[in-house]
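Report on one structure; see the data block that follows.
Naming: A, B, ... by sequence-line order, numbering from 1 per chain.
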4 protein chains.
Amino acid sequence: MNEKPKKIVLAYSGGLDTSVILAWLKETYECQVVAYAVDLLKTGADEVIVEDLKEEFVRDFVWPALRANAIYESSYLLGTSLARPTIARGQVEAAKRMGADTVCHGATGKGNDQVRFELAYMALEPGLKIIAPWRIWKFRGREDLMEYARSKNIPVPVTKEKPYSSDRNLLHISFEGGILEDTWKEPPEDMFVLSVSPEKAPDQATYIEIEFKDLGGRNGIGRVDIVENRYVGMKSRGVYETPGGTILRVAHMAMESITVDREVMHIRDGLVTRYAEMIYYGYWFSPEREMLQAMIDETQKTVNGHVRLNLYKGNCMVVGRKSESSLYDPDFATFEGDEVYNQKDAEGFIRLSGLRLKIARLLEQSRKTRE
Amino acid sequence: MNEKPKKIVLAYSGGLDTSVILAWLKETYECQVVAYAVDLLKTGADEVIVEDLKEEFVRDFVWPALRANAIYESSYLLGTSLARPTIARGQVEAAKRMGADTVCHGATGKGNDQVRFELAYMALEPGLKIIAPWRIWKFRGREDLMEYARSKNIPVPVTKEKPYSSDRNLLHISFEGGILEDTWKEPPEDMFVLSVSPEKAPDQATYIEIEFKDLGGRNGIGRVDIVENRYVGMKSRGVYETPGGTILRVAHMAMESITVDREVMHIRDGLVTRYAEMIYYGYWFSPEREMLQAMIDETQKTVNGHVRLNLYKGNCMVVGRKSESSLYDPDFATFEGDEVYNQKDAEGFIRLSGLRLKIARLLEQSRKTRE
Amino acid sequence: MNEKPKKIVLAYSGGLDTSVILAWLKETYECQVVAYAVDLLKTGADEVIVEDLKEEFVRDFVWPALRANAIYESSYLLGTSLARPTIARGQVEAAKRMGADTVCHGATGKGNDQVRFELAYMALEPGLKIIAPWRIWKFRGREDLMEYARSKNIPVPVTKEKPYSSDRNLLHISFEGGILEDTWKEPPEDMFVLSVSPEKAPDQATYIEIEFKDLGGRNGIGRVDIVENRYVGMKSRGVYETPGGTILRVAHMAMESITVDREVMHIRDGLVTRYAEMIYYGYWFSPEREMLQAMIDETQKTVNGHVRLNLYKGNCMVVGRKSESSLYDPDFATFEGDEVYNQKDAEGFIRLSGLRLKIARLLEQSRKTRE
Amino acid sequence: MNEKPKKIVLAYSGGLDTSVILAWLKETYECQVVAYAVDLLKTGADEVIVEDLKEEFVRDFVWPALRANAIYESSYLLGTSLARPTIARGQVEAAKRMGADTVCHGATGKGNDQVRFELAYMALEPGLKIIAPWRIWKFRGREDLMEYARSKNIPVPVTKEKPYSSDRNLLHISFEGGILEDTWKEPPEDMFVLSVSPEKAPDQATYIEIEFKDLGGRNGIGRVDIVENRYVGMKSRGVYETPGGTILRVAHMAMESITVDREVMHIRDGLVTRYAEMIYYGYWFSPEREMLQAMIDETQKTVNGHVRLNLYKGNCMVVGRKSESSLYDPDFATFEGDEVYNQKDAEGFIRLSGLRLKIARLLEQSRKTRE
C-alpha cells in the first residue's frame, strides 16, 4: 500500500484489540476511522450497536449451510466461519456508503479469520485497501496492547483476563488458546457459557417437536472439543458450544432421511467435506461455493415435515419423523409381498450387479488352470 | 439353475427360518445339506458352534472399516454389513472343503443381506450354485413357516415372537420391521440388549484411556435409530446398538485429529461416503473396495497414541489425546511469534488465494463501467 | 405381469426387430398395438414419421449434457444414451394420450438400452406395464426372426445384413457386435457413415469460428473406437462417429477455459465422470441427474464468446478464443509488474501453503534426533 | 531470512536468468554459490552437465503420473510440473552433500514453478533457506538482466531472443508469454520444436504396437494450446508439445479399457482431476499425493498387454488391444445366449435399479390425487 488511506472502516468488536487498533490507526495513518460494529449476538446488544445483522446472518449464511448439513472435520458447525463473511459484507457496504477507501479488522496473523475477512473484501469490493494491524505493528500480545493503551490513555474494556480467548455470536461460542493448547487436558467446566455439562443437565428428558427453536443449551447439547486444521497450515485446538445448531442439524438430517432420494443424499454427502472446507477457509463469496449451493438447494425441494427429538443430558436423539413428502412407505420395505416389489426381481438384480466380479474371478481361474 | 444340486452348504443361524430351510432343502432337492454355522457372538456360543470366526471378523473386516471411520448415511456403523462377507467367506471355504456345489442362505428377498451373501459367493467362487429359498418358495412369513414346521415335524427353536426382527454379532445388534415400521414412534426401551438408556446409565462419568476394550454399553452409548436407504431400492427403518464400535470410532477420529495431515484427512473424508456404501451394498470382495482400502491404509501409518474419553449417559466425549507422531505443536498454533511461522506471510497467502476472486470482480466492474 | 395388456405402445424403429416384435405382440397378447416412431435423424425422415423429436432431443438432452462436457470413460459422447430417454418420454406421453396400459421396446436383454428405456418408463409413469420381447420370447438372433417373419408373412425391411449392428441419430452413429468383437482388429473403413477417415479428409485445413454448426464429418473428426463397460456388468466394444458433437465439445471447453473460474472448473470436472455415468446407465430422469444439472447450469452463466477451430484430417484444434466475459487478462499473467499482483506476495503464499509439509518434516526430524 | 547464507546451491539452467542470478548472488550475499544443473533433456547434454536425472525423472515421476492418466484441465500432460520436483530433489540432496544452507532457483514470482521448487524444498529439507531472486531484486525483465550482465561482464548465452519463453525436458517442451498472450491468435508454426504440424506429417499412417518408445513427433501428435489456471491465481496461455507422452497416455487408457474393472476405473477417473491438480500446484512431495498414488498403483496390478496404434497427421488412434489379463470376453458381451449371463436377469436388475424412481413417482401421484 503506497498511498495513505483517507478513511478507514474498522470492524470493531469493542474488545481490547479493536479498541487499541482504533487508536493506533488514527496515530499511524492520521486519517478518519469509522468503527463498524455488528450485532450477531442475542444478548450484549447494550454495549455497542451500529448494525443488527442477526437476520441476515441466519437467513443468508446459517440456513444455507444447514441445508448442506455442513460440518468441518466431522465436528465443527462453522459458527465463526459463517459470522465473518456476514460482518465483512456489512462492513464493505458501510465503506461504500461512507466513501471510505480502506477497511481494517482485528484478526491475528496466524488464524483463519484474517483470511475470511480479507477474501470477502477482495471478492466484494477489490478496490478497497486492507489494513491488518496484527501483521504490521510491533505488538506481540495482550501485554503490549495494555501498555500501549495506558501510554496513550486509550480507554479499554475492563474485562477479567481469561486463560483462553473466545468468540460468541447467535449460533455459537468458540474457545481457543491459552490453557486449551494442551490437547491432553480437558477444558475447565466454568469456561462454558451456552450449555451446562451433561452431568448438570436436567434428570428428565425433554421431548421437542422441531419448530426450529433454540432449546439445546439447558440439556447439555452441542459441545465439541477438537484439534482442527487451520487454512494457514497448522493444527489448532478449538472448543465450541453450538446447542441450537446441533439440534437443528440432527433434526434436518432426520427429516432428509425420509424425504430425500438415496443417490441424491449420497452424492451430496460426498461433497459436504468440500463445501464445509470452503466456508471454513473463507470462500463464502466465491463462485465454487455458489455452484455447490445451487446443487444443495436443489436437493431441498422435498425436505419438509416434522421431527421429534429427545434431549437428555447431552444426547439429542431422533425419536420420530413424518412428512407429507415422505419417500418411506412401510408397505414397500416390509417382508410381506406387495405389488411394487417382487422378491424374484432380486435374483436378477444381484446376478447382474455381481456379473463383473464373477467374470473377473472366472477368467482368473481359467488362466490359473491353463498355466 | 437347471441341474439339481448335489450337496448344499447352508448358512445356518439356528433360528426358525434356517431350521425350516434346512428341512425344505432336503425335501425339495433330495440332496445332502451341510449346516454351516459361525460364531460372531461373544455369548450364545453354547447353542451351535461349527466355526468361530470372531477373530477373522474383527481383524479382516471390522478393523479395516474402522481405519476409514466408515459410517453409512452418517449413522450406521455397518455391523451386519461386515458380518455377512465374513460368514460368506467361511461358507465358501467350507463348501470347497466338503465338495459341495451349492450354497444357500436364509436372507429374505427384500433386504440387503441377500445381496451381501450372494455378491461374496460370486466374487469368491463363481462356480457355486446359489439357492435363496425366500425368493423361491411359497411361504410368505413366520406363520407359514410355523405351519410347515409343524406339518413336517421340524423341531424349531422355542423363542417368544418379538414384534420386530433382530440380528446380533460381536460388533452390534440391529432391529427392524414390525412395530419399528412407524417412523413417528420411538422404539420400546425393553427392545435394547447391549446398552442401557442414557437415563438409566450411571450418574457418574466413566473416564477411559483407550486400549480398545468394549466398555460402552453400560454408559448408554451407541444407539442409533435411522431411516436408511436399502440397496434394493426402498427406504427402511433400522435401530442399532454398537457401543464398542461407537467408542472406537470416536477415539480413532480424535487420534487422527493430531496425527493425520489436513489434506489427507479431507480427501479421505470425501470418499468415506462411497466406501461405506460399498460395504453396505455388499461389495466387500470387490476391486473397488480393495482400491480404496489401499488408500485408507496408507493414511494410517502415523495414527498411534492415546485418547482419553469421558463416557457419561450416552455421551462419548474426547477429553484428551497425545501421540509420539503428533503433528500438533502449540508453538506453531499460538499467537506469539515463532521461527517457523511469520505473520507477514499471511498477507501474501491471502492476496494470492483471493486473486482470482479479485480479478473476476474487477473485470466485472470494468465491464459495467464501459456499458 | 399377471393381467393381459389392453393396448401396447411399441417404440418402433422400422427395422427387422421391431417389425417382428409388432407381429409377435399381436399374436401373443391379442390386443391393440400402436407403433410409436420418432425421428432423431436428419435424413431418413421419409421412411416412417410419427413424431419429430429432433428439437426436443437437442434442446432438452444434448445441450444439457454438452454444458457438462459429458463423456463416458474418457471417450464416448453418449449419442445413444441421450436418444433413449428422448424416445421414452415421447412414447410415455403417446401412451397416455392413447389410453394404452403397456409400453414395449425392441432392445435386447444384454445391453444398456433396455435399462435406459425402462428406467425412463418407471420414472415417468410407473403405472405402465413394460414388455421387453427379447427377454421373453424364444428367438435367439436374426435368423430366428427372419424365419418367424417368413412363416407369418411379416413384411420386413430389405436391408443387406451387415457384420455388425448400428444405431444412428442426429448426434452420432454407433457400431457394435459382429466383426467388432475382436478388440485386436481395426474396424473396416467402409463401415463408417458420418465421417471420412483422416487419410481421406481434405488436404487443406478448414478454419471455423464456432456458430455451432455441423461441419465435422468431412474433416475426419469424431471417430472413437473403445472397449466400454456396460451397466449390466460386462465389457463391450463400441465404435462411434460423433463429428459435430466432438467439435462442439472441444469448442465448449475452450470457451470455458477463459470464462470459468478455476475452482468451479476443477470441482465440476471431478463430477463429470459421475454425471456421464448416470446418463450412460439410463438415469436421465432421476433426482441425482437433476441435482448435478442444477450445479452444472449454474457454472455456465458466464460461458459465452467465440472460439476459432482448425479442422484438419481428424484434428480439431483450438486456435483462438475470445469473450466479453473473459477472466483472462494478459496484464495479470505476464512477467512484468502490475498493480493487482505483487510478486512479493508469492513468498507468503508459498510459505503458508507449504507450512504443514514443513512442520511434518521438522517434527519427524526432531523425533529421529531424539531417538 | 535474517542470517546471511553461507553456501547457496542454485538450480542452474545455463540460460540468461540463472547466469545473471549466479553473479547477483555472489555480489549480494558474498558467499559460495554452487551451480546445480540437471539433464532432463535427451539432447543438449553437451552444454552443462552436472547430474543426469533422466532415469529418475521417468521412473519416479513420469511413470507414476502416467499410471493415473494424469492430465491438467483436460489438456496438459504436466511435463514441467513433473520436472520441477525432480530437480528440487536432486538439488536438496546436492545441498546436503555439500553442506550448503541455502537453495536458490530462477523461477519468476508470477508462475507455478516457484511454488513447485519451494514446496519441494520445504517438504524435503525444511531447514534450508530459500532465495528466489525474481521476488527480491529490482530487475523487471530481460532488458534489465542484459544491462546488468553487461555492466558486470557476466558472460551470457548468446541466444536469439524469441517472442515467447520456453522450457524443454525429456517429456515435453512448453511455450508461454510474449506473442502467445493474445488468445485469439494461433501460435506461429516455426515455434514448434518436437512435432511437425499435422499438415506436414507423412501422408502415410504409421502403425505401432506399443513398446513404449518415443515415436510421436514426426506424426504431428501431442500439441496442445490452452488457457490454463495457475496456482497463484490467474489464467495463463500455454502451448505444449508432448508427442511421446500423448501416445503413451492413449495407449495406457486403451490397455486399461480391457484390463481394469469398471468401478475401479470410474472411481479413479473421478479423482484424476484432483491428482493432476496436486502435481500441477507443486505438491508432489506431499502425503496426499502419496495417498492417491497408493490407490492408483493398486489399480495397475492387472494392466499389461499390447496396444496397437495408428499415428497419422496428428491423430493417435487405438486400433487394437489384447491382454493376458483381459476382462473382456466377447462371449459375455454378444447377443447370443451363454451360461454366465441370463437375459431374464435383466428384468429384475432394472426393476430394482428403478425402484426408488418408481416409488417416488407413485407417492407423488397419489398425493396429487388426494389433493
| field | Gap between atom CZ of A:Arg321 and atom CZ of B:Arg237 - 0.5 Å precision | value |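 Result: 5.0 Å between the selected atoms.
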
| If you round to the nearest 0.5 Å, how far is CD1 of B:Ile258 from OG1 of A:Thr183? |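 It comes to 5.0 Å.
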
| message | Under a 4.0 Å threshold between the charged nitrogen and the carboxylate oxygen, would A:Glu288 count as salt-bridged to B:Arg356? | response |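 Counted as a salt bridge, because a side-chain N and a carboxylate O are separated by less than 4.0 Å.
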
Heavy-atom proximity to chain A below 4.5 Å, by part of [X]:
X	result
B:Val307	backbone
B:Lys185	backbone
B:Asn310	side chain
B:Val260	backbone
B:Glu199	both

| A:Tyr121 portion near chain B, given a 4.5 angstrom heavy-atom threshold |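 A:Tyr121 has no heavy atom closer than 4.5 Å to chain B.
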
| query | Does any heavy atom of chain B fall under 4.5 Å from the side chain of A:Gln365, the backbone, both, or neither of them? | reply |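 Just the side chain, heavy atoms under 4.5 Å.
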
| field | Winner by heavy-atom pair count (cut-off under 4.5 Å) against chain A, out of B:Leu357, B:Val227, B:Thr273 | value |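 The answer is B:Val227.
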
| query | With B:Arg249, which residues qualify under salt bridge (Lys or Arg N to Asp or Glu O under 4.0 Å), at least two apart? | reply |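 If we apply the salt bridge (Lys or Arg N to Asp or Glu O under 4.0 Å) test to B:Arg249, skipping adjacent residues, there are no hits.
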
| B:Phe349 versus A:Glu118: any side-chain heavy-atom pair under 4.5 Å? |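 Sidechains of A:Glu118 and B:Phe349: no contact.
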
| said: So, using side-chain contact (heavy atoms from CB on, under 4.5 Å) as the criterion, who are the partners of A:Asn315 when residues are at least two apart? | reply: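 side-chain contact (heavy atoms from CB on, under 4.5 Å) list for A:Asn315, sorted by chain: A:Tyr312, A:Met317, B:Pro198, B:Asn315.
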
| message | Between A:His266 and B:Tyr280, is the ring centroid distance below 6.0 Å? | response |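 Not close enough - the centres of the two rings lie 6.0 Å or further apart.
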
